[in-house]
2 protein chains.
Amino acid sequence: MNEKPVRLSDVATLAGVSVSTASKVLNGRGRVSAETRRRIEEVAERLDFRPNALARFFATGKSQTIGVVTSDAPSVFALPVLLGAQSALGKSEMATLLYSVRYDLRGLGDVVRRLRARQVDGVIVVGDSLESPLHSISHDVPVPVVYALGVSEDPRDISVTPDGRMVGNLAVQHLLDIGRPRVVHVAGPATDLATQDRVRGMLATLQGAGLELVGDVQYGDWSRGWGARAASRLLDQGTVFDAMFCGNDQIATGALLALRAAGVRVPDDVAIVGVDNLASLVRQPDGLITTVDTNMAALGEVAAGCLLDAGSSTIEPGVHYQRCSLVLGESTTGARPGAPTDEERYLPI
Amino acid sequence: MNEKPVRLSDVATLAGVSVSTASKVLNGRGRVSAETRRRIEEVAERLDFRPNALARFFATGKSQTIGVVTSDAPSVFALPVLLGAQSALGKSEMATLLYSVRYDLRGLGDVVRRLRARQVDGVIVVGDSLESPLHSISHDVPVPVVYALGVSEDPRDISVTPDGRMVGNLAVQHLLDIGRPRVVHVAGPATDLATQDRVRGMLATLQGAGLELVGDVQYGDWSRGWGARAASRLLDQGTVFDAMFCGNDQIATGALLALRAAGVRVPDDVAIVGVDNLASLVRQPDGLITTVDTNMAALGEVAAGCLLDAGSSTIEPGVHYQRCSLVLGESTTGARPGAPTDEERYLPI
DNA sequence: CTGTTAGCGCGTTCAG
DNA sequence: CTGAACGCGCTAACAG
């Protein structure tokens with residue numbers, strides 16, 4: 001556990017060459033005879049040589065490190081983004097420095113100071129919703145910044161965020177595909193950018209099929225309670241519909257409960273699609289709700305990729321939209337793939 | 001954004017002193033006259049001097065950085081632990097390097113290599129359940145390691161984990177306090193260490209009150225479906241009980257649904273307590289389930305604290321148990337604190 | 001109390 | 001093709 005670390009000079013002397021030659025070989029630079037190369041590599045291997053990253057960073061001025069900034073109390077969505085980014089960066093021998101700031105992403109001054117002090121090579125700012133734009137720090141740090149799971153207030157910044165229109169599109173297209181043309185939409189807050197994009201995608205898809213939304217968009221919040229109330233109200237009003245697109249899985253769950261409590265069969269009478277694949281995020285997938293997965297891990301990877309390319313290639317500034325995908329569940333199919341036995345079956349709530 | 005950084009030598013020359021004097025002042029070391037001290041600080045301030053952390057680390061051999069290792073696909077519980085640790089470390093100007101490894105925490109070899117290369121000053125290994133012990137890497141790295149949200153396979157390591165007995169204790173004590181002596185327990189898997197500890201705490205508390213558990217412990221999995229099935233079965237068997245302690249909130253939710261579906265009033269006929277405060281973890285608290293919060297953020301902070309103290313003070317090896325706390329909800333109180341209006345009220349499922 | 005001197009371990013010229 | 005020499009920015013002994 002505690003042999004003192006072997007240095008490049010150790011390798012060099014043991015291989016009978018100078019430090020600089022060893023350096024060249026181990027970094028693949030410069031032309032060196034195959035023989036000495038082999039010898040150096042062999043010695044390095046044998047000694048289990050690990051270059052002191054700190055010294056290397058210091059010498060090169062690059063830290064091979066990017067800073068990831070997140071809120072102090074982020075939503076569940078932040079974790080997969082973080083890990084996706086970490087995974088992508090790790091492949092390039094980059095490390096991920098994690099910072100959190102209190103609540104909103106306002107008080108960034110202190111974090112910016114730390115990021116600069118540590119000479120990070122880039123920064124990813126991870127938001128936790130699309131309620132409001134992310135505060136831009138691109139002009140406070142001398143390295144590339146990308147914004148994930150949110151949109152920077154500065155349109156010249158690079159932001160990566162779920163494709164809300166595609167969410168609306170996939171959800172409604174699925175409902176149409178299974179023969180449910182009478183769609184209602186129980187959404188989250190009207191002011192949320194995610195809500196707005198999903199509505200656009202939904203309306204475009206309906207229009208493309210020559211259909212219209214049943215009634216107005218029902219705006220509310222993101223809670224299960226809102227989903228239940230909205231469903232009850234629709235029933236009370238005598239609205240006729242055979243499909244429901246909900247702003248997230250919480251709303252969908254609430255709506256499903258209310259509908260079944262009122263004797264409406266799901267999915268036989270009404271099919272329901274949610275958004276987020278929340279059950280899978282909390283690692284307890286139960287296949288209950290058909291949902292649109294916003295692929296947060298992939299989003300994190302893309303954000304990291306943008307950062308890595310930011311220097312070399314030309315990534316266009318602006319908002320990049322992350323594709324999402326449909327995950328089937330009982331709320332539209334009526335049965336889970338790999339249907340369980342009765343004993344295993346989840347209670348049909 | 002891009003003036004070239006000011007170095008310590010810049011500050012020194014402008015203040016008319018040598019580099020080392022400036023260094024001493026800005027690090028609070030050595031005795032320096034108040035006058036020169038003031039002058040140096042003033043210049044540093046004016047120039048907005050930020051020491052190059054990389055250079056400092058290199059010179060001192062310490063990276064002021066700790067590595068946090070988590071699973072590639074961690075449970076929701078990992079995020080608060082991560083952030084709690086980050087927060088505690090940040091107060092000591094320590095940074096947090098995030099690493100994830102595939103699935104289980106086995107393939108740690110590569111991560112260990114990176115941790116060593118970057119000269120981290122310590123490591124926190126974050127597990128994602130108590131199903132199985134965490135693989136010990138304490139002998140693979142030359143710095144202190146603590147294990148959080150899991151227990152190291154090596155009893156000489158320091159592990160920080162939720163206090164499962166206290167969970168059982170708080171839950172059952174609350175049920176007894178509200179006058180419910182006939183308690184059943186719907187648990188998670190029998191093999192899970194968390195389950196076992198909770199059972200012990202529960203039984204001890206019952207015994208202390210001169211009571212016995214109603215029936216056997218019902219072992220199952222962590223799902224909502226299991227909670228529902230267990231509740232139904234208890235009813236079918238004619239078991240008489242007025243309180244239910246569930247292994248987590250998912251189980252509790254399933255049980256609650258099944259009971260209400262069978263015409264049993266909750267909490268009037270049966271009071272329910274869960275574990276995890278899951279609703280709050282996913283940032284959509286709805287006050288439905290009375291639950292035991294395992295205080296994951298605090299656990300992360302404690303783990304970080306252990307690491308910081310590991311060198312200086314004497315932290316005893318072994319398992320440290322993190323205190324938990326009770327969070328009241330409708331499933332035992334019958335009404336949420338700050339009861340909502342009818343319109344705001346969540347659907348009583 | 002302050003300045004001088006020497007590294008920390010590696011990358012990178014530039015001579016040989 | 002190889003090696004000697006220097007520098008990255010800062011800290012830490014040791015002199016003055």
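The chains referred to below are lettered A, B, ... by the order of the sequence lines, with proteins before strands, and numbering in each begins at 1.
- In this structure the side chain of B/S71 never reaches within 4.5 angstrom of the side chain of B/R102, judged on heavy atoms.
- B/D48 is listed as a side-chain neighbour of B/R50, based on a closest heavy-atom distance under 4.5 Å.
- Checking C/dT4, D/dA4, C/dT2 against every side-chain atom of A/S18, the shortest atom distance belongs to D/dA4.
- One atom, CZ of B/R116, and another, C1' of C/dG9, lie 16 Å apart when rounded to the nearest Å.
- An end-to-end axis angle of 40° holds for the helix from C/dC1-D/dG16 to C/dG16-D/dC1, taken from five base pairs per end and rounded to 10°.
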Reading nucleotides 10-16 of chain C from 5' to 3' and marking B where a protein heavy atom lies under 4.0 Å of the base, S where only the sugar-phosphate is that close, and - otherwise, the string is BSB----
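- Side-chain N/O atoms of A/T65 and B/R118 include a donor and acceptor closer than 3.5 Å.
- The backbone N or O of B/D154 sits less than 3.5 Å from a side-chain atom of B/S152, completing a donor-acceptor pair.
- A salt bridge (Lys or Arg N to Asp or Glu O under 4.0 Å) with A/E42 is found for exactly one of A/R39, A/R46, A/R38, namely A/R46.
- The CZ-P distance, from B/R37 to C/dG3, rounds to 14 Å in whole Å.
- The closest side-chain heavy-atom distance from A/Q119 to A/K62 is not below 4.5 Å.
- Atoms CG (A/L54) and P (C/dG7) sit 20 Å apart, rounded to a whole Å.
- Note on A/T36: a side-chain N or O is less than 4.0 Å away from OP1 or OP2 of D/dT2.
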The test is side-chain contact (heavy atoms from CB on, under 4.5 Å); show your working for A/V69 and A/S100 and say whether it passes. CA-CA 6 Å; A/V69 181; A/S100 61; over 6 Å; no
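- Surrounding CD of A/E35 are more than 12 heavy atoms belonging to other residues, nucleotides or ligands, all under 6.0 Å away.
- Where stacking is scored as ring centres under 5.5 Å apart with planes under 30°, B/F58 registers as stacked on the base of C/dC8.
- Between atom OG of residue A/S87 and atom CG of residue A/L82 there is a gap of 12.0 Å, rounded to the nearest 0.5 Å.
- For the pair B/F57 CZ and C/dG7 P, the computed distance is 24 Å after rounding to whole Å.
- As a whole-Å value, the separation of B/Q119 CD from C/dG9 P is 9 Å.
- For the pair B/D10 CG and D/dC8 P, the interatomic distance rounds to 12 Å; values are reported in whole Å.
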